[in-house]
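What follows is a set of notes on a single structure, which appears directly below.
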Amino acid sequence: MDGLRRHKSMFLLPGLLTLLLIIVFPLLFTIRVSFSGWNVSNPEMDFVGGANYVKVLQDSRFWAANLRLVLLAGGTVLIQYLIGFGLALLVWRNVRARRLWRVLFLVPMMTTPVVMAAVWQMIFHESLGPVNDMLAKLGIAPVHWFTEAGPALAALMTVEIWQWTPFMFLLMLAGLLSLPKEPFLAAAIDGAGAWRTFWKVTFPLMAPVSVSAIIIRLIEASKLSDTVYVLTSGGPGSATESPGYYLYLRGLKEQQTGYAGSLSLTYLVLMVITLTIVAALLARAFKVPRQSSKAKEQ
Amino acid sequence: MNRKQLTKSLAVPVAVLAITVAGCSGSSGPEQKPDKPALFKPGSEISYAKYGKDYPTTKVKDVPGPCSYESISRKDYSGQTLKIISHAVPVIGEPTQLHARQFEEITGAKVEVVNVPFGELHQKILTPLQAGQPAYDVMFYPSLWIGDMAPYLVPVPKEYLDAPGMKDVTKAYLGVATWNGKVVQYPVDGDRHYLKIRTDVLADRKHQAAYLAATGKQLRAPQTWAEYQEIASFFGGKDVDGDGKPNFGSAEVTKRDDLVFSAFISRAAPYVKHPDVTGGVFFDVTTMQPLINTPGFVRALEDMVKAKSTWPAGGANFGLGDEIFSFGGGQALMSYSWDDAFIQAQQTDSRIRNRVAAAPLPGSAEVYNRNTRTWDKIQNQAPYFTWGWTSAVAKTARNQKMAFDYLCFFSNEANTALDLTIGRFGVNPYRNAHFDPGFWQAQGWSKDVATAYVNTLSGMEKSTNRVFDLRVPGVNEYMSSLANGVAAALAGQQTPQQALDAVAKEWTEITDRVGKDRVQEAYRNVVALEDNS
């Protein structure tokens with residue numbers, strides 16, 4: 001048994017060492033940097049105690065960006081889930097050109113986010129973009145997409161939803177295709193209609209997949225920064241600044257390395273706590289059954 | 001493993017390492033080869049035509065001197081590599097590439113150019129410099145970063161300072177390249193903000209009569225920011241040039257992370273630069289107390305907020321590219337910033353070619369005196385020498401002679417004459433020879449346009465009441481903070497006073513962080529330029 005364990009450890013060792021190099025070392029380095037005053041003019045690993053963390057607590061722009069992220073990530077992921085699940089249901093069963101639809105729905109996800117953000121910037125351009133042109137034809141006043149806070153947030157959310165709904169669609173479709181047929185046969189024999197079958201059979205069976213998909217997307221959405229960079233640059237004012245973009249400004253543009261380290265660690269802790277709570281709440285809301293210890297062993 | 005085996009097993013890698021180190025150290029020293037025969041005759045015709053149809057067919061004469069095609073083509077740098085970092089193509093990045101290719105062709109050197117987007121340029125240059133790594137020999141960057149870069153730069157050697165092209169650099173731009181009495185940046189560009197107007201509207205009698213009837217005032221190139229606002233408001237939203245599309249009074253750079261700080265300084269200059277007050281515009285140089293929230297700056301920000309009504313749709317989020325397109329494309333009737341929008345308007349395919357004029361930045365009817373804390377009612381004008389592109393050689397450069405030869409070649413008279421005519425290159429007049437209306441008329445500019453352009457630019461050189469950028473260590477942080485304050489006021493998140501109070505607070509923190517003495521010492525260089533001392 002000892003020999004087997006040693007062999008297992010040997011096989012795990014390369015992976016663990018890689019993990020140590022690419023995750024643990026940068027993390028430890030960031031922790032150390034966050035206690036230094038390293039900046040563009042004084043690139044030194046001195047020790048300033050918790051000064052950077054005190055500054056983080058007083059940084060209203062950072063906390064506003066976090067609150068904004070709740071709206072941006074929560075709102076976009078919820079809409080992505082609804083649309084993605086709906087589309088997956090549409091192409092799950094036998095519909096004409098099912099395979100074509102499945103591929104078409106995935107196209108936005110295959111494009112580069114930065115490139116698509118640049119394209120959307122032109123689409124929403126206030127004087128040259130087609131959106132305001134179409135609104136004008138409908139007799140609607142032009143919308144100040146990038147110069148007013150509300151429309152700018154709406155534009156940002158639209159791009160995020162367009163780009164990442166296909167990912168949700170993919171996960172939900174995979175979940176639907178893996179469902180057992182028996183519960184649906186039983187529901188049909190019992191005379192359940194489509195609506196009742198969905199609520200009583202499909203939705204509960206899809207609960208574990210739904211929770212996983214939402215959590216995966218929330219993790220991804222919490223890193224939102226590239227679209228902000230290209231589409232709005234955080235403006236107008238700081239109305240669309242996400243924590244990721246704010247970190248970029250402080251850390252890379254202004255090169256406040258020490259302070260950016262403390263910001264990123266605070267953000268990491270916040271995200272871990274928030275996403276853990278969200279995952280637990282979602283599991284309870286979707287009534288996902290807990291794995292038994294026996295199942296875990298298997 | 002016994003000791004003998006261990007010694008054997010270590011011997012091979014140690015030997016390999018020793019050979020490698022020896023090899024590396026052997027190749028690190030610059031190899032000086034004797035001159036070779038020149039590839040060009042004195043006064044040869046120079047043109048970029050052979051590099052593709054994207055370049056004009058214009059021909060100029062090679063001007064004799066140490067930086068000419070003839071002189072540089074005598075150098076033999078075969079087998080040597082020059083590493084250059086520059087901005088993304090096309091602005092300064094494209095001429096860097098083009099002249100690198102030419103330098104390779106005539107000297108035999110291998111030139112590697114790395115082009116980096118603006119947002120990453122500062123970090124990509126400074127990080128290896130601070131770490132002492134010889135990542136790049138030659139660097140192109142905005143001149144206002146001199147406070148961060150200066151400790152790592154080689155002063156320009158005397159032989160290059162004595163070159164006729166360098167001797168002809170204007171006093172202001174030689175000052176911009178100088179740090180603590182030494183020229184550490186190699187001038188390759190000259191930038192300033194000035195006013196651009198549409199003469200087919202502002203000088204049109206019909207429009208002048210309409211304006212007089214409506215306002216009781218003469219329509220002319222605005223002399224003050226208040227006049228600028230009046231004119232911009234009057235014409236806003238009307239199709240005054242008959243192209244079927246509405247025109248707008250003003251296009252300005254307003255995007256937070258896209259140079260809004262420079263636009264704001266242009267607007268603030270006449271309110272804050274008092275001709276009789278010395279000792280700093282951004283800080284009081286004796287105390288390093290920020291002045292950014294004093295009444296002059298607040299008035300300028302209030303003006304800018306008011307001006308929103310005169311901007312085209314989306315104008316509150318215009319980057320430099322939008323401003324160039326808006327004025328250069330004929331949408332906006334006035335704008336102010338770098339040369340680009342003007343050059344765009346003067347392109348051969350432009351519908352407003354020769355219907356534009358350059359003029360000094362608007363001034364003000366009163367200026368804030370921070371000594372007496374009162375507004376003095378004087379007609380004030382304060383040209384803003386904003387940042388432009390510059391270049392330098394790193395102390396870590398392996399072959400500093402080759403690096404300076406490249407810059408000398410880059411900016412020789414023939415190359416500069418051609419570069420000035422290609423708007424996208426971002427190279428603007430910085431030598432006295434460039435202030436010749438005849439040169440611009442030869443490019444197809446009308447006499448009036450060429451004369452107004454040259455007079456505007458050269459007039460700034462003569463002014464003694466000028467504003468320069470805050471060229472101190474950590475300048476990016478200061479400007480990022482200022483941009484954030486201006487953007488917050490423009491977005492209505494804060495009043496101008498609140499926004500600039502927050503900026504002043506941040507500036508104090510930045511100064512403490514960077515080191516008050518360091519910033520103060522650097523700021524004295526800026527104040528010396530502004531106070532003509």
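Chain naming here is simple, since letters A, B, ... match the order of the sequence lines and numbering starts at 1 in each. Remember, predicted model here, so these are calculated numbers, not experimental data.
There is no contact between F248(B) and chain A, counting heavy-atom distances below 4.5 Å. Contacts between D322(B) and chain A at a heavy-atom distance below 4.5 Å involve the side chain alone, from C-beta outward. Heavy atoms of P312(B) lying under 4.5 Å from chain A are absent altogether. Contact of E120(B) with chain A is not made at all, since no heavy-atom distance falls under 4.5 Å. Interface remark: K255(B) contributes side-chain atoms only to the contact with chain A (heavy atom separation under 4.5 Å). Neither the backbone nor the side chain of L490(B) comes within less than 4.5 Å of any heavy atom in chain A. Heavy atoms closer than 4.5 Å to chain B are found nowhere in E44(A), neither backbone nor side chain. Both the backbone and the side chain of E477(B) come within contact range of chain A, each with at least one heavy atom under 4.5 Å from a heavy atom of that chain.
More than 12 non-hydrogen atoms from other residues, nucleotides or ligands lie less than 6.0 angstrom from CE of M110(A). Dense packing is recorded around OH of Y152(B), with more than 12 heavy atoms of other residues, nucleotides or ligands lying under 6.0 Å away. Enclosure of atom CZ in F47(A) by more than 12 non-hydrogen atoms of other residues, nucleotides or ligands within 6.0 angstrom is indicated.
When all heavy atoms of A491(B) and P236(A) are compared, the pair lying nearest together is CB-C, 3.7 Å. Residue A313(B) comes nearest to S127(A) through the heavy atom pair O-OG, 3.6 Å, listed as atom of the first residue, atom of the second, then distance. Nearest heavy-atom pair, S233(A) versus D257(B), reported as atom, atom and distance to 0.1 Å: O-OD2, 3.3 Å.
Using a 4.5 Å heavy-atom cutoff, the side chains of D148(B) and S41(A) are in contact.
Your options are A499(B), A488(B), S480(B), G315(B), and the one with the most heavy-atom pairs under 4.5 Å with chain A is S480(B). When each of N317(B), N476(B), I510(B) is scored by its heavy-atom pairs under 4.5 Å with chain A, the top score falls to N317(B). For the set R256(B), Q493(B), Q123(B), the entry with the most heavy-atom pairs within less than 4.5 Å of chain A is R256(B). Note: N42(A) leads L128(A), V48(A), N42(A), T232(A) in heavy-atom pairs under 4.5 Å with chain B.
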Item to check | From CA spacing to verdict: side chain to side chain contact (heavy atoms under 4.5 Å, CB included), V40(A), R513(B) | outcome: CA-CA 10 Å; V40(A) 63; R513(B) 195 162 53 242; over 6 Å; no
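For residues 131-163 of chain A, a heavy-atom distance under 4.5 Å to chain B picks out F146(A), T147(A), given by residue number. Within residues 244-270 of chain A, the residues having any heavy atom closer than 4.5 Å to a heavy atom of chain B are Y245(A), Y248(A), L249(A), R250(A), L252(A), K253(A), E254(A), Q255(A), Q256(A), listed by residue number.
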